[in-house]
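Below you'll find the structure, written out as structure tokens, and then a few comments.
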2 protein chains.
Amino acid sequence: MPNKMNSLTIGGLARAAGVHVETIRYYQRRGLLSEPQRPPGGIRRYGVADIERLTFVKSAQSLGFSLDEIVDLLRLEDGAHCQEASVLAGQKLQSVQDKIARLARIEQVLSDMVARCQAQQGNVACPLIASLRTGISEAAQT
Amino acid sequence: MPNKMNSLTIGGLARAAGVHVETIRYYQRRGLLSEPQRPPGGIRRYGVADIERLTFVKSAQSLGFSLDEIVDLLRLEDGAHCQEASVLAGQKLQSVQDKIARLARIEQVLSDMVARCQAQQGNVACPLIASLRTGISEAAQT
DNA sequence: GTTGACTCCGTAGCTGACTACAGGGTCAAC
DNA sequence: GTTGACCCTGTAGTCAGCTACGGAGTCAAC
């Protein structure tokens, strides 16, 4: 998929993605986004793919990935050879599944709480800490 | 649940929770962990509940929550009145569900990739960016 | 009762992830 | 063909979240 209609300036890209121009440059330095070729005596242009890439970076960040980890994810996106890639993908898969499992437990506790709050008054428990207690022991709920 | 056997020094707590002593003090200043009463001319002691609380903070951080957001979660844990609490819990629930949804899409793409890499050789696609494309449009896969 | 490890408190420094200039070049609309 | 908005490069500053350090006090084992 090449660049179709790369017509955005860096400022336009920033507005479209909801980030600052300086953030885009910073990401380029960090290797999260490539710098398009600059025409001699001209300025660089960006396309829709760049907007989506930035949006992905921001989304992944809010899921608890560091920029270095996001570089890894983008390496997979950009296509690497199966040999190395599937090892990396396996590791990322593991960490994603782990995050999902922990979030699911938090979700359970929160939705229980909201439901019980609707049903009764006063105080209801919200055992978030217990929900993530190390062992993933689903027995033991005294 | 009161403090049963609060026998840890701050150093012991730090070791047990896998954080630095300074981090604990920092969290106390930020309101994530309370400072136990210091006996006159003595030192503070901590218990198992503190270990679990620290572990929860670290876990929540890796799920993309800021310390301020974790303070909110801990407010729910510590018990507030239903009126205010359920509004807050509802907001948190929303953001947790959103995170889970995005992570589930990433999981799908990664596990597909790993599976296809096992089945064939060469390069396989890994459309992570597309998986989070805004609209949650599950049609349109050109 | 001394000593070595540790606590307490305050303040300063570091890292990751931006964010803000400054000074010069480019573009497009008049 | 000028002007105002914007781009480019580089470097410095900011903010969240720690991390390190200094000097005085506390504890427990000898």
Side-chain angles (χ1 to χ4, degrees), chain A residues 3 5-47 50-51 53-75 95, chain B residues 3 5-47 50-51 53-75 95:
Chain A
N3 42 4
M5 282 275 298
N6 274 13
S7 56
L8 290 167
T9 65
I10 196 170
L13 173 59
R15 256 168 273 128
V19 303
H20 292 248
V21 168
E22 292 86 354
T23 304
I24 295 173
R25 296 196 198 287
Y26 175 68
Y27 286 173
Q28 290 174 329
R29 268 176 273 137
R30 289 286 303 260
L32 290 142
L33 194 70
S34 62
E35 286 197 310
Q37 204 56 38
R38 185 181 173 187
I43 66 174
R44 284 181 258 265
R45 298 284 172 171
Y46 300 84
D50 297 302
I51 304 176
R53 201 171 170 98
L54 286 173
T55 308
F56 176 81
V57 171
K58 283 293 160 194
S59 186
Q61 265 190 317
S62 78
L63 294 172
F65 293 102
S66 68
L67 291 187
D68 281 348
E69 289 173 317
I70 296 170
V71 166
D72 285 345
L73 292 174
L74 290 172
R75 276 227 315 281
S95 103
Chain B
N3 43 4
M5 282 275 298
N6 275 11
S7 57
L8 290 168
T9 65
I10 195 169
L13 173 60
R15 255 169 273 128
V19 302
H20 291 247
V21 168
E22 291 86 355
T23 304
I24 294 173
R25 295 196 200 286
Y26 176 69
Y27 286 173
Q28 289 174 329
R29 267 176 274 138
R30 288 287 302 260
L32 290 141
L33 194 70
S34 62
E35 286 197 311
Q37 203 56 39
R38 183 179 174 188
I43 65 174
R44 283 182 260 266
R45 298 286 172 170
Y46 300 85
D50 297 302
I51 304 176
R53 201 170 170 98
L54 286 173
T55 307
F56 176 80
V57 171
K58 283 292 159 194
S59 187
Q61 265 190 317
S62 78
L63 294 173
F65 293 102
S66 69
L67 291 187
D68 282 348
E69 289 172 317
I70 296 170
V71 166
D72 285 345
L73 292 175
L74 290 172
R75 274 229 315 281
S95 103

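Naming convention: chains lettered A, B, ... in sequence-line order (proteins, then strands); numbering from 1 in each chain.
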Anything under 3.5 Å between a protein N or O and an N or O of nucleotides 9-12 of chain D, put it in a table, one pair a line.
| residue | atom | partner | partner atom | Å |
| --- | --- | --- | --- | --- |
| D/dT9 | OP1 | A/R44 | NH2 | 3.3 |
| D/dT9 | OP2 | A/R44 | NH2 | 2.2 |

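With sequence neighbours excluded, the residues that form a side chain to side chain contact (heavy atoms under 4.5 Å, CB included) with B/V71 are B/L32. Judged as a salt bridge (Lys or Arg N to Asp or Glu O under 4.0 Å), and not counting sequence neighbours, the contacts of B/R30 are B/D68. Qualifying side-chain hydrogen bond (donor to acceptor under 3.5 Å, both in side chains) partners for B/S95, counting only residues two or more places apart in sequence or in other chains: none.
Residue B/L33 holds its CG atom at 10.0 Å from OH of B/Y27, rounded to the nearest 0.5 Å.
For B/R53 and B/D50, the salt-bridge test fails: no basic side-chain N is under 4.0 Å from an acidic carboxylate O.
Residue B/Y27 is classed as a sugar-phosphate contact, given heavy-atom separations below 4.0 Å to backbone atoms only.
Mapping A/T23 and A/P40 onto DNA chain C by nearest heavy atom places A/T23 closer to the 5' end of the strand. Of the residues near DNA chain C, A/G41 and B/I10, the one whose nearest nucleotide (by heavy atom distance) lies more toward the 5' end is B/I10.
The shortest distance between side-chain heavy atoms of A/Y26 and A/L67 falls below 4.5 Å. Under the 4.5 Å side-chain criterion, counting only non-hydrogen atoms from C-beta, A/T55 is not in contact with A/K58. The shortest side-chain heavy-atom distance between B/L74 and B/F56 falls under the 4.5 Å cut-off.
Sorted by first and then second residue, the side-chain hydrogen bond (donor to acceptor under 3.5 Å, both in side chains) pairs involving residues 31-46 of chain B (not counting sequence neighbours) are B/Q28-B/Y46.
First and last contacts of DNA chain C with chain A, using any nucleotide atom under 4.0 Å from a protein heavy atom and ordered 5' to 3', fall at C/dA17 to C/dA28.
Whole-Å rounding puts the A/R45 CZ to D/dC6 P distance at 13 Å. Whole-Å rounding puts the B/L33 CG to D/dG17 P distance at 16 Å. Atom-to-atom, CZ of B/R30 to C1' of D/dT19 comes out at 15 Å; the value is rounded to the nearest Å.
Contact check of residues 56-73 of chain B against DNA chain D (heavy atom, cut-off under 4.0 Å) returns B/K58, B/Q61, B/S66, B/L67.
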Return all side-chain donor-acceptor pairs below 3.5 angstrom for residues 8-23 of chain A, not counting sequence neighbours, or 'none' if the list is empty.
| residue | atom | partner | partner atom | Å |
| --- | --- | --- | --- | --- |
| A/T9 | OG1 | A/G11 | N | 3.4 |
| A/T9 | OG1 | A/G12 | N | 3.1 |

